[in-house]
Structures are given as C-alpha cells and as structure tokens.
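Below: one structure, written as structure tokens.
Counting from 1, the numbers follow the sequence of the chain as shown.
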Amino acid sequence: GNEHGDEATGKHFDIKMFGSKGVLMYSGDDKHPQSGRMELRYHDGRESFIADGGFHMENTEQEGYGPESLLHFVAACRGLPYENGADQDVGLQAVRFLDAMYRSAASGKTEKAL
C-alpha cells in the first residue's frame with residue numbers, strides 16, 4: 001500500500017545512530033504518532049533515557065495543503081513569516097556528522113565530528 005491508497009499505510013522509521021558512549025534509536029509509524037519512540041542507551045550500563053510523547057510527521061493528508069515544510073518554504077519565498085526548521089547551523093551539523101560517518105567507514109574506527 002501507500003499513504004493515499006485504499007488501505008493507507010504510513011512510513012515506518014527505524015533509525016539507529018551508534019557512538020562511542022551508546023546508541024540513539026528513533027522509530028515509529030508516521031500514521032500513528034503514539035508509536036514513535038526515541039531512546040538513548042548507554043554502553044556503560046546506565047539506565048536508558050526514553051523520550052515521552054511519540055512523534056508527529058508532516059501533514060500529508062490529501063485534503064490538506066501539503067507538508068508544513070513546503071508551506072513554510074512558500075511563505076518565506078513570499079516574504080511572509082515562516083519557521084526555519086533546518087537553518088545553517090543544523091545544515092553544518094548534518095555535514096559534520098556525515099563527514100565523520102564516511103571517515104569512520106574508511107578508517108574502521110570511531111571518528112569525531114569536526
């Protein structure tokens with residue numbers, strides 16, 4: 001199925017980021033916000049941190065006006081107030097993270113994000 005088919009299905013997320021101190025896990029079904037779960041597990045045996053509240057993905061209902069990110073982009077282009085959910089700082093951190101991932105894959109060791 002798909003999101004807009006007769007039997008609409010959501011997108012299932014299951015993201016795991018491994019680091020030197022533990023693993024950050026984020027998963028759920030975007031059609032069911034209560035299914036969302038973010039957990040931080042530590043390698044040293046400390047108690048895991050589990051975030052409350054599930055998660056909400058963008059509005060993709062056919063009756064709607066489209067994803068909020070697109071609506072904010074259009075508002076910015078029109079000179080209207082908007083929310084920037086991924087500014088230059090977020091972009092820089094994403095590039096640093098990806099760079100560390102590639103360096104780690106090449107070296108076979110944990111690499112720090114620069």
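- In this structure, Ser27 OG and Ile15 CD1 are separated by 9.0 Å, a value rounded to the nearest 0.5 Å.
- A heavy-atom distance below 4.5 Å is found between the side chains of Met25 and Arg41.
- Atom CG of Leu70 sits about 13.5 Å away from atom OH of Tyr65, to the nearest 0.5 Å.
- The two residues His72 and Tyr82 make their nearest non-hydrogen contact at O-CB, 3.5 Å.
- Nearest heavy-atom pair, Pro81 versus Ala75, reported as atom, atom and distance to 0.1 Å: O-CB, 3.6 Å.
- By the 4.5 Å heavy-atom criterion applied to side chains, Asp44 and Lys21 are not counted as neighbours.
- Of all the heavy atoms in Gly19 and His43, the pair that sits closest is O-NE2, 3.2 Å.
- Within a 6.0 Å radius of CD in Glu47, other residues, nucleotides and ligands contribute 12 heavy atoms or fewer.
- Separating the CD atom in Glu39 from the CD1 atom in Ile50 is a distance of 4.5 Å, to the nearest 0.5 Å.
- Taken together through direct or relayed side-chain contacts under 4.5 Å among Ile, Leu, Val, Met, Phe, Trp and Tyr, Phe18 and Leu98 form parts of separate hydrophobic clusters.
- Residues Phe97 and Met101 have side chains in contact (heavy-atom distance under 4.5 Å, counting atoms from C-beta outward).
- There is no path of hydrophobic side-chain contacts, each under 4.5 Å, that joins Val23 to Met38.
- Ser104 places a side-chain N or O within 3.5 Å of a backbone atom of Lys109 that can act as its donor or acceptor partner.
- Between the OH atom in Tyr42 and the CG atom in Leu24 there is a gap of 9.5 Å [rounded to 0.5 Å].
- Annotation: salt bridge (charged side-chain N to carboxylate O under 4.0 Å, His left out) contacts involving residues 85-108, sequence neighbours excluded, comprise Asp99-Arg103, Arg103-Glu111.
- Separation of atoms OG (Ser35) and CZ (Phe13) is listed at 10.0 Å; rounding is to 0.5 Å.
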